[in-house]
Amino acid sequence: MQMRKLYILLLVVVMALAGCGAAETAKIKSVTVLDSDVETQEAGTESGADGTAGSDDGTTTAAEAGDDTAISDASPAESEPEVITVNLKAVGDDLIHSGFYNIGEAHGSDYTFMFENVRDIIQEADIAIINQETMFVYDKSQYSDYPCFGSPTGIGDALIAAGFDVVQLASNHSLDKGLTGISNTVDYFSDKGVLAIGIYTDEESASEIPLLEINGVTFVFLNYTYGTNGIAMPNSYCVNTFSDEEKVRDDISRARELADIVVALPHWGTEYSYTADSFQEKWTQIFLEEGVDIVIGTHPHVVQPYEMLTREDGHEMLVYYSLGNFISWQNKMERMLGGMADITITIEDGIISYEYDLIPLVTYIHSGTATTTYFLSDYDKTDHTYGATKENVTELFEKIIN
């Protein structure tokens, strides 16, 4: 009997050591999802997997009790792998022309009409991202249209109510209202507790890598713009740009150390072009080299294709070159077409996989008195001011994407 107990104890030790080794290889890029006992102790939390390999408490108790069944239950081979899913949705340019604030201010600064037909789907996402193209001003006399935009904070109230969690702000219009516009916009989203990225009011915050944890998975979002419409940067940190390649590479490297998923949100490309230009191709290659996981582009104001790229070592990177306008008053039918990136990230046993799609959207405008964005599948309007019927918008979307 003593020999049997000794044999069981030795067996448990061997299995526990093997289990720890197996769990170590199952980690994703960082220690956000912890599977091994040593990692769990360091984090001060329990492993997310039930019956994870090498559980010291479970196997020691089983050995002391001499219970063969308990030892078998603690075996790593019989543990079910932890499966984590996160759904991410992103839309393109929130481009606020005068038509929007004329309607909104006539209704008591209420801008919820802009998002009312897509709000439910946005709120279903674990993470929802929007490109807020225009900066906020508090003085109504400073509201302005193209080429130097200034927008009411009611726009921010509406997009937060719609369910957006991450707001990208580095664009060619970031300096339209100078440092005042940047300060207003940063302070607004900070007060609301919303993650706003790409513009900064001080050097310290500009150097930080902000983290967002969803379902135990840590994300980093990095937002850069190609330029600021020729407006000189008043300092080196107020707007993230692509001007310093070494800094961008360093940001990505730091992000990869901190996060499980790195998402780049570039403001890039040629306006009104349905295909990626050489600048987009260059930076796409840099993102892939540096290990970015997802790229979601904005700025061209029209939809561009999307694809999955694979590095030589097998690392995959999902790229949406442009989501087009989410909502705008631009006077061309093709600029009324936008897309919603719909990405489900699954992490199972340390392996990351994606299901992804691009859902077409259309902005409806009627005689300057009504405007909102619909999913193309729900859109049935025949009186669009710029001729955007369901049939011709569908044909355009299919032509671009296919």
Just by modelled atom types, is the Ile345 backbone N or O under 3.5 Å from a matching donor or acceptor in the Thr85 side chain?
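Between the backbone of Ile345 and the side chain of Thr85 there is no qualifying donor-acceptor contact (under 3.5 Å).
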Test item: Arg311 side-chain N/O and Leu288 main-chain N/O as donor-acceptor pair under 3.5 Å
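Yes, the answer is positive, given that a donor and an acceptor are paired below the 3.5 Å cut-off.
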Going by side-chain hydrogen bond (donor to acceptor under 3.5 Å, both in side chains), Gln330 matches just one of Tyr146, Tyr272, Tyr386. Which one?
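Only one of Tyr146, Tyr272, Tyr386 forms a side-chain hydrogen bond (donor to acceptor under 3.5 Å, both in side chains) with Gln330, namely Tyr272.
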Qualifying salt bridge (Lys or Arg N to Asp or Glu O under 4.0 Å) pairs with a residue from residues 328-347, counting only residues at least two apart or across chains:
Lys89-Asp342
Name the orientation class of the two ring planes belonging to Phe242 and Trp283 (parallel below 30°, tilted from 30 to 60°, perpendicular beyond 60°).
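Taking Trp283 first and then Phe242, their aromatic rings sit tilted (interplane angle of 30° to 60°).
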Check the angle between the aromatic planes of Phe115 and Phe326 and answer parallel, tilted or perpendicular using the 30° and 60° thresholds.
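Ring orientation of Phe115 relative to Phe326: parallel.
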Sequence neighbours excluded, which residues qualify as side-chain contact (heavy atoms from CB on, under 4.5 Å) partners of [X]?
| X | value |
| --- | --- |
| Glu289 | Arg249, Gln285 |
| Ser243 | Thr241 |
| Ser98 | Tyr101, Asn102, Asp145 |

Is it the case that the ring center of His107 lies less than 6.0 angstrom away from the ring center of Phe113?
no
How would you list all residue pairs meeting side chain to side chain donor-acceptor pair (under 3.5 Å) that involve residues 149-168, not counting sequence neighbours?
Thr134-Ser151, Asp157-Tyr188, Gln168-Thr298
Supply the atom-to-atom distance Leu376 CG to Leu396 CG, rounded to the nearest 0.5 angstrom.
10.0 Å
Would you give the length of the straight line joining atom CH2 of Trp268 to atom OG1 of Thr284, rounded to the nearest 0.5 angstrom?
3.5 Å
Once ring pair (Phe, Tyr, Trp, His ring centres under 6.0 Å) is applied, do any residues pair with Tyr200, and if so which ones, sequence neighbours excluded?
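So Tyr200 forms no ring pair (Phe, Tyr, Trp, His ring centres under 6.0 Å) with any residue.
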Taking the six-membered ring of Tyr364, is the NZ or CZ of Lys381 close enough (under 6.0 Å from the centre) and on axis enough (within 45°)?
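The answer is yes, since Lys381 meets both limits relative to Tyr364.
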